[in-house]
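Letters A, B, ... are given to chains in the order of the sequence lines, protein chains preceding strands, and every chain is numbered from 1.
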Amino acid sequence: MNRIEEKLAKLKEKKEKAFITYMTAGLPDMEGTKEIIRIQEQAGTDIIELGIPFSDPAADGPIIQQASFESIQKGTNLTKVFNMLEDLRKDCEIPIVFMMYYNTVFHYGLERFVEKCIQIGVDGLIIPDLPYEAQGDLAKFLDKKGAPILIQLVAPVSKKRIPMILKNARGFVYCVSSMGVTGQDATFHKDVVEYLHTVKEISNIPVMMGFGIRTAKDVDGVRDTIDGAIVGSHFIKLMKESDYNLEEIKNYCSNFKKELNQY
Amino acid sequence: MDKYYGEFGGQYVSESLMNTLEDLDNAYEEAMKDEEFQKEFNYYMKEYVGRENPLYLAERLTEKYGPKIYLKREDLNHTGAHKINNVIGQILLAKRMGKKKVIAETGAGQHGVATATGAALFDMECTVFMGAEDIVRQELNVLRMEMLGAKVISVTSGSNTLKDATNEAIRTWAKEAEDTAYIIGSAVGPYPYPKMVKEFQSIISKEAKKQILEKENRLPDVVMACVGGGSNSIGMFAEFIDEDVELIGVEAAGFGIETGKHASAMALGKPGTLHGMRSYLLQDEDGNVQLAHSISAGLDYPGVGPEHAYLKDTKRVEYVSITDDEAMEALLELCRLEGIIPAIESSHALAYAFKKAKTMNKDEIMIVCLSGRGDKDCHTIAEYLKGRKEQ
């Protein structure tokens, strides 16, 4: 069973909400990335989105753009991330989702990329510039045993598209809570509560909310509707400001996970 | 495949823009069927832009090189280039859709100036995204945009140039699409942009075809235009694609293709996705987008419009490239022989035209799209000449 599905099934059994983080691979360096993943596994983070840096991250706000830029400057590329994960997978089973742009996959070669994900143990993919209609070329290779799940994203403006997008979706559905790009304020889109309800009603799989979340309190108003929260830009900022201090990262993650599940 | 040109084009954007693109396509298709819209577009083309512009037989060039060389004078349009054709079309559409604000990306500033112009004319709030580096290089156009009432936002991410300004415009659009129209300046971007830009720019070849038939009573043998993203060229080719006419697109070879400092996506690029489309793209071994180089800011783009990629693969259009030096030589020659100061972009097409002309005979006819005038480039030209003198 895919690690994401396995993890989410366990959480459902325990009636726990998922805590998911986003981090850019290669920061502060490859070794550091590995340590941050391990410490998060200890802290109780359920799933990690690992950002593969790209030169033109058009779906990201300034914080992730900057992280992406820095990581590329340090020489991070897909091959190095695969190598790092191969080593990590020897003793770390936390579900990992690659967050990347389509050109990186396309350039690497679709089939070769999927094969490599299977070999290394990449559990999911989030490709923000590959909307539902454009997924066919890649999806052809995702039926293979052990292939990563292509996570589907929906936005408040998706409306009538939601049933189509969720029809065959697996893993979890990523709900963009505000408009536009990552890292904006947690001021929710005006119809956000209603929208999350709609998604939850249609979806057969867990519903996660992302974009603009800093603390567990930010999801207070919609906690009953969602199955988990995703923290990206704020997490990147926090790590950078603490100079990637593992203790601080651990505390933030364990507190968030705890508060998210306190009623 | 719908929305594609062969394997190129498509919509590689975030989910939050998918409905926006569908609405835009529907509104566009409706407008195209509406005679009133066409009438309005044609009215502004004539009364405001100053069309039709001449198809001018360049006498002294013809005398020197052999075949008849006609220049399609887009440089005589209001704001000095072909960019305004597309801007008027897209802004009229935005108005029709009830949008109050427009945003645009710009590299050299020509599309930014055209958008600021259209926004002033139609009373819309205008924001132009421009790379911090381009803002320094194109100070005059920044002033022009501001005089026209636009807000120019300096983009400081990635390489601080056109591709980053485009990313920022896409990000802003994703947030504000409800009341904001994104006016893309070249034949690039997600579908339906390449289609819309082609339609609004095809006025170039509609006129040129009519004009050449009037003057020569036959079609030209060769038609050529410069290619950055490819808006003037797709407009110049549109009416000739289904005719027996040789079509040539001229990219910027910068310091020379072999130096790696160039902007020839067709010569060395590989298929990739950027700015919402799949097309030929300059990229490094990791699939990151490489910086283009050209002395002409308007050709300094790492990708190319998807229909051009398709026209290359189907061999309908031949794509060649011209170096900075060759383009500047042609620019100076047009100044001296015809009394026309062309944009450096357009000079790339001229430079190849002169090469091509040597292989043609006196009875043959060639049309070159003179996409813009060179006033904006005087500073760059002066620097270039100074540099050459010092060498």
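- With a 6.0 Å radius and a threshold of 12 heavy atoms from other residues, nucleotides or ligands, A:K200 has its NZ atom above the threshold.
- Per-residue heavy-atom pair counts under 4.5 Å with chain A were compared for B:P271, B:G276, B:A169, B:G10, and the maximum is reached by B:P271.
- With a 4.5 angstrom heavy-atom cutoff, B:L17 does not touch chain A via any of its atoms.
- Proximity to chain B (any heavy atom under 4.5 Å) is shown, for A:P57, by both the backbone and the side chain.
- Taking every heavy atom of both residues into account, B:R278 and A:D137 meet most closely at NH2-OD2, 3.4 Å.
- Summarising the local packing, CD of A:E194 is surrounded by 12 or fewer heavy atoms from other residues, nucleotides or ligands at distances under 6.0 Å.
- Residue B:Y28 qualifies as enclosed at atom OH: its count of foreign heavy atoms under 6.0 Å is above 12.
- Of the atoms belonging to A:I165, it is side-chain heavy atoms, and not backbone ones, that fall under 4.5 Å from chain B.
- Residue contact with chain B, scored on non-hydrogen atoms closer than 4.5 Å, involves the side chain of A:F106 exclusively.
- For the pair A:N103 (side chain) and B:G287 (backbone), a donor-acceptor distance under 3.5 Å is present.
- If you measure heavy-atom distances from A:V105 to chain B, you find no contacts under 4.5 Å at all.
- Distance CG/B:D286 to NZ/A:K80: 8.0 Å, rounded to 0.5 Å.
- With a 4.5 Å cut-off on non-hydrogen atoms, B:E285 touches chain A through its backbone but not through its side chain.
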Derivation of the side chain to side chain contact (heavy atoms under 4.5 Å, CB included) call for A:Y132 and B:M18
CA-CA 9 Å; A:Y132 184 78; B:M18 291 301 283; over 6 Å; no
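- The only option from B:N288, B:I170, B:T273, B:V289 that meets the side chain to side chain contact (heavy atoms under 4.5 Å, CB included) definition with A:D56 turns out to be B:V289.
- With a 4.5 angstrom heavy-atom cutoff, B:P190 does not touch chain A via any of its atoms.
- For A:F69, the part lying near chain B is the side chain, with the backbone staying farther off; criterion is any non-hydrogen pair under 4.5 Å.
- Of all residues in residues 153-167 of chain B, those placing a non-hydrogen atom less than 4.5 angstrom from a non-hydrogen atom of chain A are B:S157, B:G158, B:K163, B:D164, B:N167.
- Contact detail for B:N19 and A:K160: the closest heavy-atom pair is OD1-NZ, 3.7 Å.
- Taking the charged nitrogens against the carboxylate oxygens, B:K3 and A:E133 have no contact shorter than 4.0 Å, which rules out a salt bridge.
- Considering only heavy-atom pairs separated by less than 4.5 Å from chain A, the leading option among B:E168, B:Q283, B:H275, B:Q11 is B:Q283.
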